[in-house]
Undergrad: 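Take this structure first; my questions come after.
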Amino acid sequence: MRLDEEGLVEVYPQHATVVSRIDIKLAQQAHFLRQSLELEIVRTLALEHNDQLVDELNHAIALQQQSAKAGDFARFMTADNDFHRQLYAGADKSELWTLVKSRSGHIDRLRRLHLPSPGKAQDIVRHHKLIVTAIGAHEPDDAQRHLRKHLSGTLGYLAEIRARFPEYLSD
């Protein structure tokens with residue numbers, strides 16, 4: 001029922017349930033929600049002093065680097081999500097992470113298609129490092145700038161993803 005509510009499956013009563021195509025409009029809306037919240041979260045974190053959070057974020061980045069090096073994209077995505085979850089937790093906004101994840105099915109599916117692209121995982125790690133550096137240096141504008149660039153990574157390649165996987169996407 002939850003998958004149906006988020007539009008991730010199409011239910012044909014007493015016949016079948018099938019995985020839906022990726023809805024670009026819903027992916028864009030999830031991106032908007034996430035970006036709006038995370039821009040304020042990284043600003044808040046950069047204005048505070050929390051060395052423990054910076055250490056935890058750097059640990060999550062190290063796990064991402066290991067996963068990328070091993071070509072383990074499933075583990076990489078888990079570590080990537082953990083990085084962002086930690087941002088929300090650090091700003092005492094964990095319930096908002098739950099909300100974002102509940103609306104992110106379509107954008108997450110796009111991310112899974114895009115992640116194996118050459119250099120994509122390394123770009124994510126690089127952006128995460130820049131975000132954490134800005135937070136640790138108490139530079140909220142830089143933290144927001146790096147986050148904005150980071151979160152635009154998948155939707156910025158929508159035409160390429162559509163060309164490679166046209167059967168998976170709908171408008």
Side-chain angles (χ1 to χ4, degrees), residues 2-3 6 8 22 26-158 160-161:
R2 284 182 34 208
L3 293 174
E6 195 173 336
L8 296 174
I22 298 169
L26 290 177
Q28 291 168 330
Q29 288 182 22
H31 173 265
F32 182 86
L33 172 66
R34 183 171 178 175
Q35 180 174 276
S36 299
L37 292 170
E38 287 189 29
L39 284 170
E40 290 308 311
I41 285 171
V42 297
R43 173 170 282 292
T44 297
L45 294 174
L47 292 171
E48 296 175 354
H49 184 79
N50 189 336
D51 290 335
Q52 181 180 349
L53 176 63
V54 170
D55 290 343
E56 291 169 1
L57 292 169
N58 281 321
H59 178 72
I61 292 170
L63 292 176
Q64 289 173 335
Q65 289 175 304
Q66 292 170 1
S67 301
K69 190 172 187 177
D72 187 343
F73 295 118
R75 196 172 90 196
F76 182 92
M77 288 216 34
T78 299
D80 180 43
N81 282 330
D82 191 50
F83 174 87
H84 289 274
R85 181 197 57 75
Q86 288 177 14
L87 291 174
Y88 285 74
D92 196 25
K93 304 290 185 234
S94 294
E95 294 79 13
L96 293 177
W97 175 248
T98 302
L99 170 67
V100 166
K101 289 310 296 171
S102 75
R103 306 311 310 160
S104 295
H106 291 277
I107 191 75
D108 286 347
R109 291 165 68 196
L110 277 176
R111 290 174 56 224
R112 282 186 193 93
L113 293 176
H114 189 215
L115 182 58
S117 299
K120 176 62 179 168
Q122 292 76 14
D123 282 347
I124 292 170
V125 168
R126 183 173 54 80
H127 289 139
H128 283 180
K129 286 180 178 180
L130 291 168
I131 293 164
V132 172
T133 298
I135 289 171
H138 310 291
E139 298 172 349
D141 293 339
D142 284 347
Q144 287 184 316
R145 181 171 47 85
H146 294 305
L147 179 80
R148 189 175 279 110
K149 176 84 172 157
H150 168 60
L151 290 181
S152 69
T154 294
L155 288 178
Y157 288 87
L158 187 55
E160 176 185 312
I161 296 167

Undergrad: If you define the side chain from C-beta out and look only at heavy atoms, does anything of Thr154 sit under 4.5 Å from Ile161?
TA: yes
Undergrad: Do the non-hydrogen side-chain atoms of Ser104 and Arg111 ever get within less than 4.5 Å of each other?
TA: no
Undergrad: Measure the shortest side-chain to side-chain distance between Val42 and His146 over non-hydrogen atoms and say whether it is less than 4.5 angstrom.
TA: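 No, their side chains stay 4.5 Å or more apart.
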Undergrad: Does the pair Asp123 and Arg126 meet the rule for a side chain to side chain contact (heavy atoms under 4.5 Å, CB included), with working shown?
TA: CA-CA 5 Å; Asp123 282 347; Arg126 183 173 54 80; 3.6 Å; yes
Undergrad: If you round to the nearest 0.5 Å, how far is CG of Asn81 from NZ of Lys101?
TA: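 Going from the NZ atom of Lys101 to the CG atom of Asn81 covers 4.0 Å.
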Undergrad: Determine whether a donor-acceptor pair (N or O, by modelled atom type, separation under 3.5 Å) exists between the side chain of His31 and the backbone of Ala27.
TA: no
Undergrad: What are the two closest heavy atoms between Ala30 and Arg103, and how far apart are they?
TA: CB-O, 3.2 Å
Undergrad: Any sub-3.5 Å donor-acceptor pair from Thr133's side-chain atoms to Leu130's backbone N or O?
TA: no
Undergrad: Of the non-hydrogen atoms in Ala121 and Phe76, which two are nearest, and what is the gap between them?
TA: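 Closest pair (atom of Ala121, atom of Phe76, distance): O-CZ, 3.7 Å.
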Undergrad: So does Phe73 have more than 12 non-hydrogen atoms from other groups sitting under 6.0 Å from CZ?
TA: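 For Phe73, atom CZ is crowded (more than 12 foreign heavy atoms under 6.0 Å).
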Undergrad: Is the shortest heavy-atom distance from the side chain of Leu155 to the side chain of Leu110 under 4.5 Å?
TA: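 Side chain of Leu155 against side chain of Leu110, heavy atoms only: contact under 4.5 Å found.
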Undergrad: Where does the angle between the aromatic ring planes of Trp97 and Tyr88 fall among parallel (under 30°), tilted (30 to 60°) and perpendicular (over 60°)?
TA: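 Because their plane-to-plane angle lies in the 30° to 60° range, the rings of Trp97 and Tyr88 count as tilted.
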Undergrad: List in chain and number order the residues that pass side-chain hydrogen bond (donor to acceptor under 3.5 Å, both in side chains) with Arg148, two or more places apart in sequence or in another chain; answer none if no residue qualifies.
TA: none
Undergrad: To the nearest 0.5 Å, what is the distance between CD1 on Ile131 and NE2 on His150?
TA: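 Going from the CD1 atom of Ile131 to the NE2 atom of His150 covers 5.0 Å.
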Undergrad: If you measure from CD on Glu40 to CG on Leu45, what distance do you get to the nearest 0.5 Å?
TA: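 Output value for this atom pair is 11.0 Å.
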Undergrad: Around atom NZ of Lys120, are there more than 12 heavy atoms of other residues, nucleotides or ligands at under 6.0 Å?
TA: yes
Undergrad: Looking only at heavy atoms, which two atoms of Val54 and Gly136 are closest? And how far apart?
TA: CG2-CA, 4.0 Å
Undergrad: Side-chain contact, heavy-atom cut-off 4.5 Å: Leu147 with Ile41?
TA: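 No - every pair of side-chain heavy atoms lies 4.5 Å or more apart.
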Undergrad: Taking the side chain as every heavy atom from C-beta outward, state whether Gln144 and Asp141 have any atom pair closer than 4.5 Å.
TA: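 A side-chain contact exists here, since the closest heavy-atom pair is under 4.5 Å.
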Undergrad: Do Ile61 and Gln65 have side chains that approach each other closer than 4.5 Å (heavy atoms only, starting at C-beta)?
TA: yes
Undergrad: For residues Leu63 and Thr78, determine if any side-chain heavy atom of one lies less than 4.5 Å from a side-chain heavy atom of the other.
TA: no
Undergrad: Rounded to the nearest 0.5 Å, what's the gap from CE on Met77 to CG on Asp82? Could you check?
TA: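 If we round to the nearest 0.5 Å, Met77:CE and Asp82:CG are 13.0 Å apart.
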Undergrad: Please report the shortest heavy-atom distance between Gly153 and His114, naming the atom on each side.
TA: O-CE1, 3.4 Å
Undergrad: For His49, does its backbone N or O pair with a side-chain atom of His138 as donor and acceptor, under 3.5 Å?
TA: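 Side chain of His138 to backbone of His49: no pair is present.
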Undergrad: Starting from the C-alpha separation in whole Å, work towards a yes-or-no answer on side chain to side chain contact (heavy atoms under 4.5 Å, CB included) for Ile135 and Leu87.
TA: CA-CA 10 Å; Ile135 289 171; Leu87 291 174; 3.9 Å; yes
Undergrad: Identify the heavy atoms of Ala79 and Ala60 that sit nearest to each other, and give their distance.
TA: CB-O, 4.2 Å
Undergrad: Is the His128 ring parallel, tilted or perpendicular to the His84 ring (thresholds 30°, 60°)?
TA: perpendicular
Undergrad: Do you know the tightest heavy-atom contact between Leu151 and Glu38?
TA: CD1-OE1, 4.1 Å
Undergrad: Roughly how far apart are Gln86 CD and Asn58 CG, rounded to 0.5 Å?
TA: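 The CG atom of Asn58 is 10.0 Å from CD of Gln86, to the nearest 0.5 Å.
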Undergrad: Please step through side chain to side chain contact (heavy atoms under 4.5 Å, CB included) for the pair His106 and Arg109, ending with a clear verdict.
TA: CA-CA 5 Å; His106 291 277; Arg109 291 165 68 196; 3.8 Å; yes
Undergrad: Within this structure, what is the CZ-CG distance for the pair Arg34 and Leu96, rounded to the nearest 0.5 Å?
TA: 13.0 Å
